[in-house]
Amino acid sequence: MLIPRKFYARQDTAKIARELLGKLLVVPSSGRRVSGMIVETEAYLGEIDRAAHSYGGRRTKRNEVMYGEAGFAYVFFVYGMYNQFNCVTGRPGTPHAILIRGIEPVEGIEIMQERRPKAKKLKDLTSGPGKLCIALGIDRTLNGEDLLGTKVFIERYKTIPAGELASGKRIGIDYAGEDAELPLRFWVANNPFVSRA
DNA sequence: AGCGAGATGAGCT
DNA sequence: GCTCATCTCGCTG
């Protein structure tokens with residue numbers, strides 16, 4: 001059930017990002033499972049990717065975990081109020097990561113709703129990278145956490161049929177020049193928990 | 001239903 | 001000082 005380290009340790013991060021669709025992201029809370037199926041991801045390709053925090057070999061305290069072993073959580077803070085959850089991939093020294101942008105709630109939906117009282121409709125609960133972090137209780141204390149541990153982990157769940165896989169350019173990275181055009185965003189077609197159609 | 005702006009702080013140049 | 005891997009609200013049409 002649990003995704004093994006090998007899954008994350010491969011070199012082709014775009015492929016891993018695609019394969020994460022349909023997997024279950026689980027963050028237990030006071031003995032209960034709170035989880036959702038991953039429906040939208042984005043790949044960030046290390047030092048050569050202008051959109052990545054690690055572009056140009058910029059290694060800082062913030063992105064340090066991107067440089068470490070695959071299968072760990074990279075959680076960072078943006079826009080003064082939101083966290084973003086990523087999985088580190090590739091080999092140590094190659095700072096690749098995959099941003100999770102949307103999940104479909106599966107377990108512990110009431111807990112998620114308590115955490116996001118402003119979400120009126122179910123589809124507003126986890127349809128975006130900041131939203132899903134609030135719903136799952138993910139913050140920077142989980143940065144560097146092992147995805148093969150007990151605090152945050154990913155399990156096999158569903159296989160998305162090839163016909164439902166979609167890809168396109170990444171969101172919110174217009175500053176990245178040509179790299180902004182790369183088709184490194186992956187999502188499940190017609191799933192309401194994708195942040196944008 | 002679609003757009004513009006404000007919130008709010010860490011990390012860079 | 002300014003830029004963000006965003007979200008929500010309030011205004012317009």
Side-chain angles (χ1 to χ4, degrees), chain A residues 8 13-14 16-18 20-21 25 36 38-68 70 72-90 94-105 112-145 147 152 154 166-188 190 192-197:
Chain A
Y8 305 102
T13 296
I16 301 170
R18 200 186 323 126
L20 274 175
L21 299 176
L25 175 58
I38 297 169
V39 299
E40 182 181 358
T41 60
E42 280 179 2
Y44 285 86
L45 308 183
E47 303 189 333
I48 58 160
D49 179 358
R50 287 187 94 85
H53 289 162
S54 51
Y55 174 64
R58 185 157 54 230
R59 183 173 183 158
T60 65
K61 196 158 192 173
R62 176 174 64 157
N63 67 19
E64 184 61 28
V65 294
M66 290 182 80
Y67 282 86
F72 283 77
Y74 172 40
V75 182
F76 65 91
F77 187 68
V78 259
Y79 298 123
M81 47 181 97
Y82 298 108
N83 292 112
Q84 311 252 327
F85 176 79
N86 302 252
C87 305
V88 175
T89 60
T94 65
H96 288 208
I98 297 166
L99 171 67
I100 307 300
R101 292 191 52 91
I103 64 169
E104 176 178 323
M112 296 192 233
Q113 283 168 329
E114 282 169 24
R115 288 171 175 157
R116 282 185 46 70
K118 289 177 183 167
K120 313 203 72 168
K121 301 165 132 182
L122 186 60
K123 68 163 246 195
D124 295 325
L125 203 51
T126 53
S127 54
K131 296 178 190 175
L132 70 89
C133 281
I134 298 170
L136 290 174
I138 293 172
D139 61 24
R140 280 164 295 173
T141 63
L142 293 179
N143 186 42
E145 207 56 52
L147 297 179
V152 212
I154 300 177
S167 64
K169 52 201 276 196
R170 293 171 291 179
I171 292 175
I173 53 152
D174 290 343
Y175 60 89
E178 299 179 355
D179 291 345
E181 305 302 317
L182 298 172
L184 293 175
R185 172 174 172 246
F186 303 93
W187 68 94
V188 177
N190 303 318
F193 297 93
V194 169
S195 66
R196 301 200 197 175

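Keep in mind that this is a model prediction, so the values were computed, not measured. Naming convention: chains lettered A, B, ... in sequence-line order (proteins, then strands); numbering from 1 in each chain.
- One atom, CG of Asn143(A), and another, P of dA10(B), lie 15 Å apart when rounded to the nearest Å.
- For the pair Asp179(A) (side chain) and Ala51(A) (backbone), a donor-acceptor distance under 3.5 Å is absent.
- Between the side chain of Asp49(A) and the backbone N or O of Gly46(A) there is no donor-acceptor pair closer than 3.5 Å.
- Using a 4.0 Å heavy-atom criterion, one finds that Arg116(A) contacts the sugar-phosphate atoms exclusively.
- Rounding to whole angstrom units, OH of residue Tyr79(A) and C1' of dA7(B) are separated by 13 Å.
- The backbone N or O of Ala135(A) lies less than 3.5 Å from no partner atom in the side chain of Arg116(A), so there is not a single donor-acceptor pair.
- Scanning both residues, Ala14(A) and Ala43(A), for their nearest heavy atoms gives CA-CB, 4.0 Å.
- Here dA5(C) presents its C1' atom at 13 Å from CG of Asn63(A), a figure rounded to the nearest Å.
- A heavy atom lying under 4.0 Å from DNA chain C marks the following residues of residues 41-52 of chain A, by number: Tyr44(A), Ala51(A).
- Among the atoms of the strands shown, base atoms are found under 4.0 Å from some heavy atom of Leu99(A).
- For the residue pair Arg115(A) and Gly137(A), the shortest heavy atom distance occurs at NH1-N, 3.5 Å.
- Under the 3.5 Å distance criterion, the side-chain polar atoms of Glu42(A) are matched with a main-chain donor or acceptor of Ile171(A).
- Here Arg170(A) lies out of heavy-atom contact (under 4.0 Å) with every strand.
- Taking atom CG of Asp124(A) as the reference point, atom P of dT6(C) lies 17 Å away to the nearest angstrom.
- For dC12(B), one of the phosphate oxygens OP1 or OP2 lies less than 4.0 angstrom from a side-chain nitrogen or oxygen of Thr60(A).
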Canonical and wobble pairing (Watson-Crick, G-U, under 3.5 Å) of DNA chain C, dot-bracket with |: ||||.|||||||.
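- If you take CE of Met81(A) and C1' of dT8(B), they are 5 Å apart, rounded to a whole angstrom.
- Looking at residues 130-141 of chain A, you'll see Arg140(A) sit with a heavy atom under 4.0 Å from some atom of DNA chain B.
- Separation of the P atoms belonging to dA5(C) and dC3(B) is 22 Å when rounded to the nearest angstrom.
- Thr41(A) places no side-chain N or O within 3.5 Å of a backbone atom of Ile98(A) that could act as its donor or acceptor partner.
- Under a 3.5 Å cut-off, the side chain of Thr13(A) and the backbone N or O of His96(A) do not form any donor-acceptor pair.
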